[in-house]
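When a ligand or atom number is given, it counts from 1 through the structure's own listing order. Not measured: the values here are computed from a predicted model.
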Amino acid sequence: MMNTKIKTLLTLGTTVACLQSVQAQTQGNSLKSAYQEDFLIGTALGTEHILERNEKANQLIKKEFNAITPENIMKSQLIHPEVDRYNFSLSDKFVDYGLKNQMYIVGHTLVWHSQLPSFVHKISSADSLRIFMKEHIKTVMGRYAGKINSWDVVNEALNEDGTYRKSIFFNKLGDSYIKEAFELAAQVDPKAELYYNDYNIEQPAKRKGAIALIKKLQENGVKINGVGIQGHWSINSNNLKDIEDSILEFSQMGLKVAFTELDLTVLPNPWDLRGADVNQRFKEDPKMNPYKDSLPDSVQNALANRYSELFKLFLKHKDKISRITFWGVDDRHSWLNGFPIPNRTNYPLLFDRALEPKKAYQSLISLKESK
Ligand code: G3I
């Protein structure tokens, strides 16, 4: 039997027949079936996946994952390119893909300082920015009300030291834009789960800022269901204690914890860069791209071990965790091939460039088989 947790997560607009179909699809060896008693297993879809251009990728996505997030196509620059013009062609297909495959659908993201349409940067008054933000939430979220299960309402509102990021929203509206965004989101689709999503919020200083931000919402009676810890980490990260502390502290606030953008870079990083600030870029250098042709076994093993350690921790706290989403389907499409140095060959996910499962994949399946 499919467990009640996954059932609840999939309830929105889902009939019993659909649930039976999900259950049928979860048979066999796959990530989503291995972890069906624990949490949802998601992936981020790009345009090629949404348009089902590659049948092998398409079969893999349907077999392995029961949750989907759009990697880019719902960001405001793409979905709302001009003041009065929205482009819903890909987002409609994304949502249809999730519905027809009975997947948990995540909307990413409503309010983010990055990838804004160019017209927003020309807005000078606070009132006009507020109107943009509110119209955007009403139009995008409203279109998929009852279909998208969960939204990243506000994304990356904090600096590394836990203070508010001086984004265009903060500069013009103060931190109340966060409250306004969540309040409106709760009205537009009362059934949707609402998340605050950020990177590095497992680290103590930034976590403290996230806790303060969320407490302020809760104290004002604003609906927030969960927190998304993105999880852009490295095979060398030594952060299990920070992650565990974060799971405990956020869940003690009554929040669901999701790992929303998990990937593990295997490449060197002499600048000690952490996280996912897309403004950070560095020049190309062959020394910084050591696995151009293939990944040595030692690194393949390190990746598998690191994923295994993380999932052991996730399983320990499965009662507090709603979803683990990988940021991409396979290594070839990962954003980490281009960040923070362009044109590198990275290996951060569970499936290789030929869409074959890696040792890391097997390590996560084995974790459940050994139970
Ligand atoms: O689609 C255009 C293409 O037409 C153009 O030729 C090309 C030239 O650079 O750019 C393409 O757009 C790129 C887009 O990804 C699609 O591939 C953008 O330049 C590039 O900046 C964009 O990067 C995305 C990044 O967010 C910035 O929005 C990454 O794919 C995406 O993985 C990443 O995801 C973010 C999450 O949304 C939030 N958390 C951090 C995470 C990683 O940065």
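Comparing Q77, E71, K75 by heavy-atom distance to atom 25 (C) of ligand 1, the nearest is K75. The option with the heavy atom closest to atom 37 (O) of ligand 1, from among H108, E261, M74, is H108.
Under the ring pair (Phe, Tyr, Trp, His ring centres under 6.0 Å) criterion, Y177 pairs with F169, not counting sequence neighbours. Applying the side chain to side chain donor-acceptor pair (under 3.5 Å) rule to D297 yields no partners; only residues at least two apart in sequence or on another chain are considered.
The proximity of N197 to ligand 1, defined as any non-hydrogen pair under 4.0 Å, does not occur for either the backbone or the side chain. Looking at W327 against ligand 1, only its side chain comes within 4.0 Å, counting heavy atoms.
Contact atoms of ligand 1 toward H232: 40 (C), 41 (C), 42 (C) (distance under 4.0 Å to a heavy atom of the residue). Within ligand 1, counting atoms from 1 as listed, the ones closer than 4.0 Å to a heavy atom of N155 are 38 (C).
When only modelled atom types and interatomic distance are considered, W112 and E156 share a side-chain donor-acceptor pair under 3.5 Å.
A cation-pi arrangement, defined by a distance under 6.0 Å to the six-membered ring centre and an angle within 45 degrees of its axis, is present between R353 and Y347.
Taking only nitrogen or oxygen atoms, main chain and side chain alike, Q230 reaches within less than 3.5 Å of ligand 1.
Ligand 1 is never approached by F339 to a heavy-atom distance shorter than 4.0 Å.
Comment: E244 engages K316 in a salt bridge, judged by a side-chain N to carboxylate O separation of less than 4.0 angstrom. Look at E202 and R207 and you find no salt bridge, because none of the NZ, NE, NH1 or NH2 atoms lies under 4.0 Å from a carboxylate O.
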